[in-house]
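Just so we're clear, the structure is a prediction, and the values are computed from it rather than from any experiment. Read the numbers this way: they start at 1 and go in the same order the structure lists the ligands and their atoms. The basis for the numbers below is simple: all heavy atoms, side chains too, and nothing from hydrogens, waters or symmetry mates.
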Amino acid sequence: MQNTASFWVDQFGREKRKLRISVTDRCNFKCSYCMPEHPEWMKKKNLVSFEALYQFCELMVQGGIESIRITGGEPLMRKGVVHFIEQLQQLKPLGLKRISMTSNGHYLKKYALALKQAGLDDLNISLDTLDAEQFHKLTKNNLEPVLSGIEQAQQVGLAVKINTVLINGQNEDQILPLVVWAKAQNMSLRFIEFMPLDGDAHWQKQNVITEQDILTVLATQYQLQLQTQGSEPARRYLLDEQYEIGIISTISHAFCGSCDRIRMTAQGELYNCLFATEGLALKPQLDVLLANPNVDLKKQLQQKIQQYVWQKESGFDAIYAKKQPRKISMHMLGG
Ligand code: SAM
Ligand code: SF4
């Protein structure tokens, strides 16, 4: 059941129900489609504390947010993240329905059980190839810890979904192997089109493996049936009436018309769209509110966020057409 009206609504009437919080920009991988070659990490003193973040989440849930996803960088690299997830459980009686995480899976063997015990509802793991050499080329790290992390996550009973970004000339040969593997593991799989959010801005349209490219490959082995789409960005296909995969085709079929998401960076900048060129800096106000919790300050903050959310553009096409330079890439925004 959905909460009544959301306080967080944009000028096109799209209510925000999902909040993604990046807890760090740091990562032990260096996926070329995400991380710049020479990242300049955020300074630790500039990160929003978990105490201030909790207070922010409470405000957002009170306004209608129903789902919070913890991401990064690599979220498991931020000390205290498991405890933060445990704390977020207190927001469930206020309307929060799901607490999720997106991770590269490298540290999962160590953290899977703790995450399950902290009440994490679901976990997306990014895995772009099953070929160890290709994996190393793409991420500059090793495949094995990710595979054992996934195994551990399944053993402790976490609901795992695999996310795969396909890049032309790098891993498009992995479409069928990943489907066969994920189906055998009984895990959901979603392919994601490469978006112009890479750290070094080398993105080119010809590097995108589109939904249609993926379907063409799948059709050589499976009968495909498009499923009815809900509020999720992925278009779902049933393969041989048995196994469902999803495709997030932001480039070839932008789903902006029903976007219900907002995002915050680890430094406390709120972004009303993945492609927004400007965020809203909230850390100073969150720190003041934490030191001096009072109703007026909370109201001011609420109005500031509401105004910024209201200004959300219609979508990717509208923003991309302006060709304004971006200050931020995926490793800071969290996907
Ligand atoms: N480090 C974690 C991980 O890799 O899952 C969480 C952060 S990562 C930025 C979140 C998601 O963004 C991953 O699934 C990743 O594949 C995806 N991603 C990163 N850069 C992308 C891009 N340029 N286009 C599409 N997806 C991208
Ligand atoms: Fe790290 Fe995730 Fe970006 Fe890869 S996609 S560099 S794992 S933050």
Side-chain angles (χ1 to χ4, degrees), residues 18 20-39 41-42 68-78 81 100-108 111 115 120 122-129 134-143 145-146 149-150 153 158 160-168 170-172 174 178 188-205 207-211 214 233-234 246-255 261 263-266 271 274-275 316 320 326 328-335:
K18 296 184 180 141
R20 293 185 165 224
I21 295 184
S22 171
V23 291
T24 178
D25 61 331
R26 290 172 197 242
C27 187
N28 56 329
F29 285 15
K30 216 178 202 186
C31 308
S32 57
Y33 54 74
C34 170
M35 195 59 81
E37 181 65 31
H38 303 288
W41 304 125
M42 293 171 184
I68 295 180
R69 178 168 294 277
I70 310 297
T71 175
E74 176 44 43
L76 291 175
M77 287 179 74
R78 172 108 183 242
V81 70
S100 319
M101 178 180 273
T102 302
S103 163
N104 65 26
H106 182 89
Y107 296 109
L108 258 187
Y111 288 110
L115 288 170
L120 189 75
D122 58 78
L123 179 63
N124 286 359
I125 300 172
S126 306
L127 177 66
D128 304 325
T129 175
Q134 204 177 55
F135 188 90
H136 197 272
K137 236 185 190 166
L138 276 163
T139 66
K140 307 285 180 293
N141 212 314
N142 299 323
L143 174 63
V146 177
I150 292 172
L158 281 169
V160 175
K161 212 185 259 173
I162 303 295
N163 280 344
T164 300
V165 178
L166 294 167
I167 318 254
N168 198 6
Q170 295 196 36
N171 63 338
E172 72 273 33
Q174 291 295 304
L178 276 162
S188 302
L189 171 66
R190 291 188 316 180
F191 293 109
I192 304 175
E193 287 182 355
F194 177 28
M195 295 181 255
L197 292 167
D198 52 319
D200 286 329
H202 292 318
W203 181 90
Q204 291 190 340
K205 210 159 191 172
N207 297 133
V208 179
I209 298 291
T210 64
E211 176 168 347
I214 298 166
I247 305 180
I248 301 185
S249 42
T250 316
I251 304 303
S252 65
H253 296 98
F255 51 87
R261 298 167 182 216
R263 302 168 155 85
M264 182 140 106
T265 70
Y271 276 78
L274 249 186
F275 300 98
F316 169 67
Y320 204 61
R326 296 179 46 75
I328 195 159
S329 71
M330 205 62 136
H331 80 292
M332 295 157 94
L333 209 46

Quick one: pull up [atom1] in [X] and [atom2] in [Y] and give me the separation to the nearest 0.5 Å.
X: Met101; Y: Ile21; atom1: CE; atom2: CD1; result: 11.5 Å
X: Ser22; Y: Met42; atom1: OG; atom2: CE; result: 6.0 Å
X: Met332; Y: Arg26; atom1: CE; atom2: CZ; result: 12.0 Å

- Query: Under the side-chain contact (heavy atoms from CB on, under 4.5 Å) criterion, do Ile248 and Arg190 qualify, and how do the steps go?
  - Reply: CA-CA 7 Å; Ile248 301 185; Arg190 291 188 316 180; 3.8 Å; yes
- Answer side chain, backbone, both or neither: which part of Thr71 comes under 4.0 Å from ligand 1, heavy atoms only. side chain
- Message: So for Ser126, does at least one of its heavy atoms come nearer than 4.0 angstrom to any atom of ligand 2?
- Response: no
Counting each atom of ligand 1 from 1 as listed, which ones have a heavy atom of [X] under 4.0 Å away?
X: Ser103; result: 2 (C), 3 (C), 5 (O)
X: Gly73; result: 1 (N), 2 (C), 6 (C), 7 (C)
X: Glu74; result: 1 (N), 2 (C)
X: Gly72; result: 7 (C), 9 (C)

- Is Cys27 close enough to atom 4 (Fe) of ligand 2 to have an N, O or S atom under 2.8 Å? no
- Only heavy atoms count here, so choose which of Met330, Arg190, Met332 is nearest to atom 20 (N) of ligand 1. Met330
Nearest protein heavy atom to [atom], by residue and atom, and its distance?
atom: atom 4 (O) of ligand 1; answer: Ser126 OG, 3.2 Å
atom: atom 16 (O) of ligand 1; answer: Val165 CG2, 3.2 Å
atom: atom 22 (C) of ligand 1; answer: Tyr33 O, 3.6 Å
atom: atom 6 (S) of ligand 2; answer: Cys31 N, 3.3 Å
atom: atom 10 (C) of ligand 1; answer: Gly334 O, 3.5 Å

Classify the side-chain pair [X]/[Y] by whether it contains a donor and acceptor separated by less than 3.5 Å.
X: Thr24; Y: Glu74; result: no
X: Ser252; Y: Glu193; result: yes
X: Asn207; Y: Tyr33; result: no

- Message: I'd like to know if the side chain of Asn171 and the backbone of Asp128 have a donor-acceptor N/O pair within less than 3.5 Å.
- Response: yes
- Would you confirm whether Asn141, through its side chain, and Phe29, through its main-chain N or O, come within 3.5 Å as a donor-acceptor pair? no
- Query: Taking both backbone and side-chain atoms of Met195, is any N or O found less than 3.5 Å from an N or O belonging to ligand 1?
  - Reply: yes
- Any N or O on Asp128 sitting closer than 3.5 Å to an N or O of ligand 1? no
- Within a distance under 4.0 Å of any heavy atom of Asn104, pick out the atoms of ligand 2 and give their elements. 7 (S)
- By number and element, which atoms of ligand 2 are closer than 4.0 Å to a non-hydrogen atom of Cys34? 3 (Fe), 5 (S), 6 (S), 8 (S)
- Query: For atom NZ of Lys137, is the number of surrounding heavy atoms from other residues, nucleotides or ligands below 6.0 Å larger than 12?
  - Reply: no
- Hey, mind stepping through Tyr111 and Leu120 against side-chain contact (heavy atoms from CB on, under 4.5 Å) and telling me if it holds? CA-CA 11 Å; Tyr111 288 110; Leu120 189 75; over 6 Å; no
